[in-house]
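Below is one structure, written out as structure tokens, with a few remarks after it.
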Amino acid sequence: MADSALQNIPSVYEPSLFGTYSKKIGMWLFLLSDTLTFGALLYAYSYGRISTGGWPTPFHSESIINATIMTAFLLTSSLTMVLAVRASVHRDAKMQTLWLLATMLCGTGFIVLHGREWSNLIAEGLSLPMFPKVPHHQVAAEFVNVSKTVPQFAATFFGLTGMHMLHVTLGVIYLGVVALRRKFIPILLVLWLVAWLGTPAYSPFHYGAHILLIAAIVCGIILWLKPKVYDSSDVEVAGLYWHFVDLVWMFIFPLVYLMSAKIL
Amino acid sequence: MATHDFAAQASHAHEAPQGFIRKWVFSLDHKVIGLQYYFLALAAVFVGMFLSLLMRIHLIWPGAALPILGEIKPETYLTLVTMHGTIMVFFVLTTAPQGGFGNYFLPIQIGAPDMAFPVLNMLSFWTTLLGFIVMIAAFFVAGGAPLHGWTGYAPLSALQSAGPGEGLGADLWIISIAIFCIGALMGALNFITTTLDMRAKGMTMMRMPLTVWAWFVTAILGLLAFGVLLSAGILLLMDRNLGTSFFVPLGTINGQLTGHKGGSPLLWQHLFWFFGHPEVYIAILPAMGMCSQLLSVFSRKPIFGYKAMVYAILAIGFLGFMVWGHHMFMSGMSPYTAFAFSVMTMAIGVPSAIKTFNWLGTLMRGKIRFSSPMLFAIGFVSLFVSGGISGPFLAQPVLDIPLHDTYFVPGHFHLIMGVASIFGIFAATYYWFPKMFGRMMNESMARWHFWFSLIGTYAIFMPMHYLGMAGMPRRYSQMTEVAYLHDLIPLQKFITYAAFITIAGQLIFLVNLFWSMFKGPKASDNPWEATTLEWITTTPPPHDNFGGHTPVVHNGPYEYSVPGAPRDYVMQNDPEIKPAH
Ligand code: HEM
Ligand SMILES: [Cu+2]
């Protein structure tokens, strides 16, 4: 999708695989390896679930509704991502940026809702042994019980959804760099400060927020090494990643939430 | 699609960098990055070798007080085992053949100006270096380095209180491995994309040198395997630092409850070996490719059965993902499962044998030139066969049960993975040194180095098979006082002396390497009269490899002694040769 004036330059290379450009192949390959990374986690989850008798199903309707809203956020974000790619093909820079920002907004909504859900569950007692205790909070006997009797439940829950949340976070940052380039780095630093200082010291997000700082540094290095304008191919490749993260959630949502809902 | 190719090409043709920092430190040039990987592996191999020497000393003189280090305690012995294995497998055998030579020569051999993603390439090296620094740091923290072996078996690796090195040291070990995985993944997807997308006109897949095939398939293995190890590492970190129990069953340490329950150490073994078996092929495939290349060049004959070689590499890569269970026969696995894994493991012997016979076929009736790269290539074949023979024995569950966890297994894998792959690295160093540094290496030093290494490694690792059959367990610290092993002490001593001599022999290599870099005779552009594209460009190659143009390929990579051709070799970019009638 380079300039049409260039269309007639004879190539010095062999035709590429499926006629695609390198970045796209690279992204597909990354997604392939990421599939195995998630595959291993899902394997660990299934292993734990099958080998543990009496797997609990503690999620009440509140959690399920919350997770459904999160799912809706992600689905919407996939739609806005498609629109961003379309705008980029039509060389509509303004709409491209706007749709990218909309996608990031939906992704951020997902993260915030998910983070709140985590915090609530931890406060109610569904926690990992070494998470700091939440002061002055009424724990729910059921969750405390689950954490004690089937430690695999909380472990797989936080492991799987945490890894996915990390992917969504990195996705939002990725889109931010594509949409705003250097201008995104100060925004990222502000987000880091907000997330770090805005969360209490007993929250896992207080420490997790530093991922934003690391990401800002890495993005800074990359943009310094390769300052360039992102074109429609970059938007398309970023879209591949985004849809993949969305797709992974379509496995995690039923496996982790629906199959552990109280009604079942 | 011309437009896409153009877009691809445009993004690779970055300017030649100015200034020392951009040129040699934060370089985007695949050649510099290749050298950086190579020297990282060189530093790592000497650390690893030093550790192995300490182990050998401890095995025959357990109480000896060493200068500076003092007496080696049993737990220190285990940290030596762990760090030796980890450094060698990850930072040497995975780093030099693929990251080093692959980076330097894959783009040149397919006629590309650089890797597909130069920035990613640079990041992958710096990530790997960071991993190495974190790994070395494990020696210096409180409690020292971990003692759970290179395979990191849980629950030993999963509990902070399981041993002296299992505190911060083990955390650093896992973090280092995770960082390494990320670096390896970046490298792998770069290698695959470059091979698929950036071959010069005429360089069809079936005209690629076998080196390129080997790096390509190795990258695919890495892409699929390291992602799994990364997950396993994350779960292990959670077990250690968040109190989860993925890998820890209900249990006690020294009478104290661990606070964990419900997990399974077998989960770790499955995840680890799903990575671990492909990993052993990640270490050996590039060496196989490089030796295929050299055997053809120095026999002045086309490689015997090029297509068979390609399919064998692909078959090994594919089957390599289905045999991990052969490391777990002792784990209480059902006999049916064990049988399935055993059959798959034996099946992988078939493509391995195909490769071996093709190497022999290449040598047969060749006009062999016994230059130093060729000596090491032949040595590789010898070691590969010697180490490979013991594989089918271990692949039988009934035989593996007595042999597992004895010295038989280190005998097997040091010959086939350790030393064979190192011989591949040596062969490649002697072969490509002229291209990389513009000078020739000293041939007589190389020969001395070869005989020291070949005889030395056989002397070290062959007797380990007998030790194993006699019942000597692996990873045990003080065995000199054990009655039933008493008669083996002379053999143990022999191995240690052989190790001393062999390691001393490696200094010849080191001297030769650095001396030749500055003082060796100037090399011509194609000193070995080889056909592949790295030999058509100047020595050392310019920043964009071919000085502003892209070669056009007309011939396969192994056109030696072609009847009717003016010379006994036809370059890949020479005009197409007509088949002789
Ligand atoms: C015909 C080919 C081969 C067969 C049938 C085979 C079979 C086996 C088996 C069954 C084991 C497990 C032994 C045990 O732990 O009890 C083993 C261990 C091992 N093999 Fe092989 N192998 C073959 C080739 C290779 C190659 C090509 C490499 C590396 C390049 C390799 C590297 C290793 C390593 C590193 C271990 C030991 C890992 C450890 O426990 O620390 N093997 N092999
Ligand atoms: Cu194996």
Side-chain angles (χ1 to χ4, degrees), chain A residues 1-4 6-30 32-41 43-44 47-48 51-52 127-131 149-152 154-156 158-159 162-163 204 218 221-222 225-226 228 231 233, chain B residues 1-11 26 28 111-112 116-120 122-123 185 188-190 192-194 196-204 223-228 230-232 234-235 238-239 241-246 259-264 267 270-271 274 549-550 552:
Chain A
M1 271 166 245
D3 233 319
S4 56
L6 301 174
Q7 215 128 52
N8 295 325
I9 292 181
S11 170
V12 295
Y13 292 110
E14 281 287 296
S16 65
L17 185 77
F18 307 131
T20 36
Y21 46 96
S22 302
K23 266 178 296 194
K24 198 159 161 185
I25 296 182
M27 181 50 81
W28 276 112
L29 292 171
F30 168 73
L32 186 62
S33 96
D34 217 29
T35 307
L36 272 111
T37 305
F38 273 111
L41 292 180
Y43 176 74
Y47 198 109
S51 65
T52 309
S127 181
L128 296 182
M130 291 180 207
F131 275 171
T149 51
V150 188
Q152 299 298 309
T156 52
F158 287 111
M163 188 71 168
V218 173
I221 294 177
I222 292 177
L225 283 166
K226 205 166 178 181
K228 63 163 208 161
D231 61 16
S233 65
Chain B
M1 282 166 81
T3 53
H4 285 155
D5 289 348
F6 187 82
Q9 181 198 6
S11 67
F26 293 105
L28 298 179
F117 310 113
V119 174
L120 199 66
M122 187 204 82
L123 289 178
L185 285 172
L189 76 86
N190 214 345
I192 301 172
T193 312
T194 308
L196 289 177
D197 232 17
M198 295 186 62
R199 280 168 291 119
K201 259 257 162 326
M203 179 61 79
T204 56
L223 189 80
L224 301 176
F226 280 109
V228 172
L230 184 61
S231 274
I234 291 172
L235 297 183
M238 285 178 66
D239 270 8
N241 297 307
L242 295 178
T244 59
S245 313
F246 287 103
H260 293 263
K261 73 175 193 179
S264 164
L267 175 61
H270 279 299
L271 292 177
F274 184 84
H549 78 289
T550 305
V552 180

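The sequence lines fix the lettering, A, B, ..., with proteins before strands; numbering per chain opens at 1.
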[X], part contacting chain A, at a heavy-atom distance under 4.5 Å:
{"X": "B:L224", "value": "both"}
{"X": "B:F226", "value": "neither"}
{"X": "B:V119", "value": "side chain"}
{"X": "B:N190", "value": "neither"}
{"X": "B:H260", "value": "neither"}
{"X": "B:L271", "value": "side chain"}
{"X": "B:T204", "value": "both"}

Atom [atom1] of [X] and atom [atom2] of [Y]: how far apart are they, to the nearest 0.5 Å?
{"X": "A:F158", "Y": "B:L242", "atom1": "CZ", "atom2": "CG", "result": "10.0 Å"}
{"X": "A:Y13", "Y": "B:M198", "atom1": "OH", "atom2": "CE", "result": "4.0 Å"}
{"X": "A:S22", "Y": "A:L29", "atom1": "OG", "atom2": "CG", "result": "10.5 Å"}
{"X": "B:I234", "Y": "B:D239", "atom1": "CD1", "atom2": "CG", "result": "12.5 Å"}
{"X": "B:R199", "Y": "B:T550", "atom1": "CZ", "atom2": "OG1", "result": "14.0 Å"}
{"X": "A:W28", "Y": "A:T20", "atom1": "CH2", "atom2": "OG1", "result": "10.5 Å"}

Which bit of [X] comes within less than 4.5 Å of chain B, counting heavy atoms only: side chain, backbone, both or neither?
{"X": "A:M27", "answer": "neither"}
{"X": "A:Y47", "answer": "side chain"}
{"X": "A:T35", "answer": "neither"}

Max heavy-atom pair count under 4.5 Å with chain A, selected residue of [options]:
{"options": "B:L235, B:T244, B:V228, B:L267", "result": "B:L267"}
{"options": "B:I192, B:L123, B:L230", "result": "B:I192"}
{"options": "B:L223, B:L185, B:L196", "result": "B:L223"}

Inset, instruction - Begin from the C-alpha positions of B:L189 and B:L120 and carry the test side chain to side chain contact (heavy atoms under 4.5 Å, CB included) through to its verdict. - result: CA-CA 9 Å; B:L189 76 86; B:L120 199 66; 3.8 Å; yes
Pick whichever of [options] has the most heavy-atom pairs under 4.5 Å with chain B.
{"options": "A:V150, A:L128, A:L32", "answer": "A:L128"}
{"options": "A:F38, A:Y43, A:F131", "answer": "A:Y43"}
{"options": "A:G162, A:A44, A:G48", "answer": "A:A44"}

Considering all heavy atoms of both residues, which atom of [X] and which atom of [Y] are nearest to each other, and what is their separation?
{"X": "B:G243", "Y": "A:P129", "answer": "O-CG, 3.2 Å"}
{"X": "A:M130", "Y": "B:N241", "answer": "SD-O, 3.2 Å"}
{"X": "A:T149", "Y": "B:K261", "answer": "O-CE, 3.3 Å"}

